[in-house]
Amino acid sequence: MTPKVIFHVDLDAFFASVEQNDDPSIRGKPVIVGALPGHRGVVSTCSYEARAFGIRSAMPISEAFRRCPQGIYLVPRIERYSELSAAVMDVFSSFTPEVQRVSIDEAFLDMTGTERLWGPPVDAAALLKAKVASATGLSISIGIAPNHYVAKIASGLRKPNGLVVVHPEGTEAFMLELPLAKLWGAGEKTQERFRELGIRSVAELASFSEARLASLFGKAGGAFLYGAARGRDSGMMTSSDQGPRSMSAETTFERDCSDRECVEDVLLSLAGELSYRLWAEGYRSRTLALKLRLHDFTTLSRRMSRGSYYLSSSDSFKDALALLEKAWDGRTEIRLLGLCFSDLESRGSCEQGELFADGLSGEGTARSRRAEGAVFEIERSGLGKVTRARLVGRRENRGRPGPRGGEPAP
Amino acid sequence: MKFTCEKNSFAREISFAQEIIASKNSLSIMSNVLLEAAEGSLSLKATDIKVSFETVIPVDTMESGAVTVFCDKLSGILATIPEGDISIEQDDSKVIVKPTFKKVRFQLKTISSEKFPELPVANDEAFFAIPSKSFKEMISQTIFAVSDDETRYFMNGVFIEKVPGGLVLVATDGRRLSYVKKDFDANIPDFKGVIVPPKVLGLVLKRAPDEGMIEIAVTEKSIFFRFGSYRISSVLIEGQFPNYQKVIPESQKNRITLKRSDLLDAMKRVAIFVEQKSRRTFFAISNGLIVISSEESDLGTAREEFACDYTGPEATIALNYKYVEDPLKVMDSENINIEFTEPNRAITVSPEPGEDYFHVVMPMQIE
């Protein structure tokens, strides 16, 4: 069997790069997309300039502001990011039909057998970068490996605008030379445990038997680490619980998190991102699933189906919260949070007519759905920008954080 | 409390009570049935807070008293003991159930009858009586169209409204609507239209007799039914039922008349290839002919044609399979009418000759 050629492609500091592209005045400055200082929220993405201040994704905004008060803080414009993400994904699809979108800024491309079309993987990668740049002005980092797991690690090694190729025969060696801190999936807690146990390198980790690792890190964690140290794909990247017609978004916390507000904020942004993508790509869904990976790698998921379609973000956030309530005890530290719409149907096809066309009294959800749809259509048609009343003024707030400091987010 | 009674008649009422009880938590009073023995009779009560039930059966009472027991287990016990007389006796905080002819003895934990919630009651004057059979027919014509989408809670029940000379029942899920109106001689007191949860209507449909009358009372918050020795009530759904009159087509331009069994049989065959998610089914109509077909899929397609009574423009209407099948199943006339004006506007399904009910269905997009 010929080894697979998997590309993991990551848009570099995606949200922040989009903001910097759209507004030249903030290029080269620390840009933090997530929430305004003084408001609840976490860092969604930050520019490389901001990372120099120690700011990381999923860090509370208050913490980011403490580290970098001069930063430019912005509320995410998911609809704009969705639009560009779709454009990037279109470029990917022109390279291979097998594009697995992981989130708004990340995808796996199965490039196996495309050599005759695009040449060797390295050439294909260069072409891919050029096409993405010309279509959107954005830069990407690419990891190429025989499986998803190693490709994911590889893409993260030389950001931004990186390219790391791991050949099938070099996979084990690549992993053994990898700094332990770069072992994807081994977060802060696990790293701490490594230190306690005196494990200083992937090579040392690889010398442990699977049974020994299971006794040290639990069954799921042990099995994962055993495979990870050998560059084996545990299937974590290609979660099997997603049907072919599903759409998901997930966030890994910088530090395992048990703070309810922080978890809910991440959930809100996931719900927003996913709902816009659902709309933008012309789908609808009645089934929402929540994925929760705890600090010990235990992965839980809860799903619910309902009679009417999700099309508004507040609507899906409400149900996502209910699912969180079912899945989480409110104390256990969470490492990853994901949301997924499944059983997607394309909107518009097979549309069942509604008897009460001009809206039902008391039917708030259908109204807000139509409103969000209308907003989205207006933006897409280029007629202008529409924003929620409570976010009005955010451009004016740029660079002048804190006028409403301490006020809880609505 | 102590009484003896015939097992079967007792078991029948306990199973009715069990249908109402929603809780399976043995610690909750809501999982219990209240037994209250008086001279010569036993009254039973059960509730899930929303729907309440009460009945009286004749028993031989040795000692009057009241107690509540876990209905789930009591009904399990009754299902296993053979027919014959049984005795039920309270012993401190326990109830002992035993057949009079067998050495079996069950002990059930009890909760004090004082903890049992007060069930709502309506004044005798509020009740009006109509033939039970007619009311049950009205329920069957509408109950299936109720929406189960909790975000549209105000459609989660059947709308019951007093109109001059009778009653109207309407149910809709926003995509199809079922309507029935019957005239009654009874002097029905005025009440504002109410939304009645399907659970209580299902119980009436199942338990009310085909002979005799059913008594109904509507108050601000509840609806009450009395038939035989039963008293059932339910809390109403709050909210505004949509203005259904607006969506009932006043007149339709075209009418197809066909045999109900022809249509049902053909649909059953076509159903094999109807796409399960959208259930979209095509009805192509031309002079004297109807063609029913499924969506084309990778798996294949189904198509059936048969004669019908129609003269008018050719048209193709796409409909949710279930929205056509549901009303056909509750109709009993030999022939039915399907009326429409344009393929993308609401159609009407009704019996031929016309009766007191009809069903409105909104089509799906063709493309």
Side-chain angles (χ1 to χ4, degrees), chain A residues 243-247 271 275 278 282-288 303-323 325-326 341-372, chain B residues 145-156 170-179 195 237-249 274-282 295 297 317-323 342-348 359-367:
Chain A
R245 308 260 282 154
S246 66
M247 185 181 280
S275 300
L278 193 71
Y283 289 109
R284 59 184 179 188
S285 167
R286 287 189 283 213
T287 307
L288 182 69
R303 61 191 279 149
M304 64 181 288
S305 293
R306 49 183 231 171
S308 51
Y309 296 104
Y310 290 105
L311 281 172
S312 94
S313 56
S314 48
D315 197 16
S316 37
F317 177 57
K318 206 178 79 202
D319 283 354
L321 271 184
L323 290 172
E325 220 49 58
K326 281 189 205 163
F341 282 125
S342 52
D343 299 331
L344 301 192
E345 296 170 33
S346 26
R347 211 173 55 235
S349 72
C350 289
E351 189 96 55
Q352 166 67 52
E354 294 280 339
L355 277 171
F356 303 91
D358 31 327
L360 293 160
S361 54
E363 179 140 356
T365 52
R367 275 191 181 174
S368 78
R369 234 178 264 153
R370 278 198 296 276
E372 293 206 18
Chain B
V146 166
S147 167
D148 56 7
D149 181 354
E150 283 168 24
T151 60
R152 295 176 160 195
Y153 62 93
F154 49 88
M155 290 184 186
N156 293 164
V170 186
T172 180
D173 62 6
R175 290 144 199 155
R176 44 94 176 256
L177 176 144
S178 295
Y179 172 100
I195 310 168
I237 295 172
E238 285 183 36
Q240 183 68 47
F241 195 74
N243 183 359
Y244 68 87
Q245 275 139 341
K246 228 173 47 183
V247 302
I248 296 173
V274 166
E275 202 267 309
Q276 283 311 298
K277 208 176 270 169
S278 74
R279 299 203 198 89
R280 185 161 66 163
T281 312
F282 299 97
E295 201 99 23
S297 77
I317 306 176
L319 293 161
N320 181 324
Y321 180 90
K322 194 170 150 50
Y323 288 178
E342 280 167 47
N344 58 354
R345 304 241 313 255
I347 66 154
T348 315
H359 304 276
V360 178
V361 182
M362 198 63 195
M364 304 177 79
Q365 274 180 7
I366 300 258
E367 288 312 322

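Residue numbers begin at 1 in each chain, while the letters A, B, ... track the order of the sequences. Model, not experiment: these values are computed from the prediction.
B/Arg175 approaches A/Glu354 most closely through the heavy-atom pair NE-OE2, 3.1 Å. Nearest heavy atom pair, residue B/Val360 against residue A/Leu355, reads CG1-CD2, 3.8 Å. When all heavy atoms of A/Phe356 and B/Tyr244 are compared, the pair lying nearest together is CE2-CA, 4.1 Å.
Proximity to chain A involves both the backbone and the side chain of B/Leu177, based on heavy atoms less than 4.5 angstrom apart. Contact of B/Ser147 with chain A is not made at all, since no heavy-atom distance falls under 4.5 Å. Proximity to chain A (any heavy atom under 4.5 Å) is restricted, for B/Ala346, to the side chain, taken from C-beta onward. For B/Arg176, the part lying near chain A is the backbone, with the side chain staying farther off; criterion is any non-hydrogen pair under 4.5 Å.
For B/Asn344, the CG atom is densely surrounded, since the number of other residues' heavy atoms within 6.0 Å is greater than 12.
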